[in-house]
Amino acid sequence: MTHWFHRNPLKATAPVSFNFYGVATNTAAAKICNDLRSTRLKLLELFTDVNCNMDMMKNAMDAYFSLLQGFISSLDGTTQENKLRFIQNFKWTDTLQGNIASAQQDAIFDLVSMEFNVALWHTKYASRLAGKEDITVDEAKDVHRSLRNAAGIFKHIKEGEVSRLVTAPEKGKDLESRVLDTYIIQCQAEAQE
């Protein structure tokens, strides 16, 4: 089996405190903010944990994304914007641009950037499994599944999330459609190999 998994680094981010002292005025709101901070930190830690598997990643991702959706989705079920969406500033680097951070005061920017990292993690996980000496049939299936998951996440970002950002991605940035198309095609090609 030939391996040509890409070696792009994960996106880096600045810590986010989710301390909204003037907004989170009761203990339930403070608990949600604390849970957001801790689930985000846990997800970020799993990106570099070599013992992390797909189930651990999915559970951590679901925990953080479900809480973050409270800042994105309308609370009354209408199409109106959630006012909490723009309350926190998020900073992320690009995998292709080095250590230059982009910042947006938009929860969708954090969602999309975190999804991008989850997709990259899937490619790295597949690479780690495929790089073993004696790969089992189940591990080969996990490699294929992980690469297909990565392609699906990149496709979801491109088709469903990027258009919702307040600031459109610049040319050559991770979230630009041509870059996302490249990641999608590469993951699909690696899964076919």
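Worth saying up front: this structure is predicted, and the values here are computed from it rather than measured.
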What class does the angle between the rings of Trp121 and Tyr125 fall in, given that below 30° is parallel, 30 to 60° is tilted and above 60° is perpendicular? parallel
Answer yes or no: does atom CD of Gln69 have more than 12 heavy-atom neighbours from other residues, nucleotides or ligands under 6.0 Å? yes
Evaluate the criterion side chain to side chain contact (heavy atoms under 4.5 Å, CB included) for residue pair Leu44 and Met114; output intermediate values, then yes/no. CA-CA 9 Å; Leu44 290 170; Met114 198 67 84; 3.9 Å; yes
Value for NZ (Lys124) from OG1 (Thr48), rounded to nearest 0.5 Å, stands at 11.5 Å
Side chains of Glu190 and Gln186: is there a donor and an acceptor less than 3.5 Å apart? yes
Which atom pair, heavy atoms only, marks the closest approach of Gln188 to Arg148? CG-NH1, 4.2 Å
Using side chain to side chain contact (heavy atoms under 4.5 Å, CB included), reason through Thr123 and Tyr183 one step at a time and then give a plain yes or no. CA-CA 10 Å; Thr123 64; Tyr183 276 111; over 6 Å; no
First locate atom CZ of Arg40, then atom OG of Ser17, and finally report the distance between them rounded to the nearest 0.5 Å. 10.0 Å
CD1 (Ile184) and CD1 (Ile153) are apart, to the nearest 0.5 Å, by 11.5 Å
Verify the neighbour count for atom NZ of Lys42: are there more than 12 heavy atoms of other residues, nucleotides or ligands below 6.0 Å? no
Side chain to side chain, Leu147 and Gln192, heavy atoms closer than 4.5 Å: no
Candidate pair Phe86 and Phe71, rule ring pair (Phe, Tyr, Trp, His ring centres under 6.0 Å), full reasoning: CA-CA 8 Å; Phe86 307 105; Phe71 281 64; over 10 Å; no
Only one of Thr27, Asp35, Asn34 passes side chain to side chain donor-acceptor pair (under 3.5 Å) with Lys31; say which it is. Asp35
Same cluster (ILVMFWY, side-chain, under 4.5 Å), Leu96 and Leu165: yes
Specify the closest pair of heavy atoms between Leu84 and Gly70, including all atoms of both residues, with the distance to one decimal. CD1-O, 4.3 Å
Report whether Tyr64 and Met56 are members of the same hydrophobic cluster (ILVMFWY, side-chain heavy atoms less than 4.5 Å apart, transitive linking). yes
Is it the case that the side chain of Ser163 and the backbone of Glu159 share a donor-acceptor pair, with hydrogens and angles ignored and the cut-off at 3.5 Å? no
Between Asn117 (side chain) and Lys11 (backbone), is there a donor-acceptor pair under 3.5 Å? yes
Using the rule given for side chain to side chain contact (heavy atoms under 4.5 Å, CB included), can you reason through Ile87 versus Phe18, listing the C-alpha separation, both sets of side-chain angles and the distance that settles it, and then say yes or no? CA-CA 9 Å; Ile87 200 167; Phe18 292 105; over 6 Å; no
For Arg85, enumerate each residue passing the side chain to side chain donor-acceptor pair (under 3.5 Å) test, keeping only those at least two apart in sequence or located in another chain. Glu81, Asp106
Minimum heavy-atom distance Leu180-Leu175, with the two atoms named: CD1-O, 3.5 Å
Applying side chain to side chain contact (heavy atoms under 4.5 Å, CB included) to Asp110 and Gln88, what does each step give before you reach the verdict? CA-CA 10 Å; Asp110 192 51; Gln88 179 70 53; over 6 Å; no
Are the aromatic rings of Phe109 and Phe90 close, with centres under 6.0 Å apart? no
Salt-bridge test for Arg145 and Asp142: reply yes if a basic N is under 4.0 Å from a carboxylate O, no otherwise. yes
How about Ser113 and Thr13: do any of their side-chain heavy atoms sit closer than 4.5 Å? no
For Gly172 versus Arg178, what's the shortest heavy-atom pair and its separation? N-NH2, 4.5 Å
In this structure, CG of Asp94 is separated from NZ of Lys173 (nearest 0.5 Å) by 4.5 Å
I need the minimum non-hydrogen distance between Met61 and Val118, along with the two atoms involved. SD-CG1, 3.6 Å
More than 12 heavy atoms from other groups under 6.0 Å of NZ on Lys91: no
Side chain proximity check, Gln104 to Trp92, heavy atoms < 4.5 angstrom: no
Rounded to the nearest 0.5 Å, how far apart are CD1 of Ile72 and CD of Glu161? 7.0 Å
Of all heavy-atom pairs between Ala130 and Ile135, which one has the smallest distance, and what is that distance? CA-CD1, 3.8 Å
Enter the distance from Leu68:CG to Ser73:OG here, rounded to the nearest 0.5 Å. 9.0 Å
Answer yes or no: are there more than 12 heavy-atom neighbours, outside Asn99 itself, under 6.0 Å from its atom CG? no
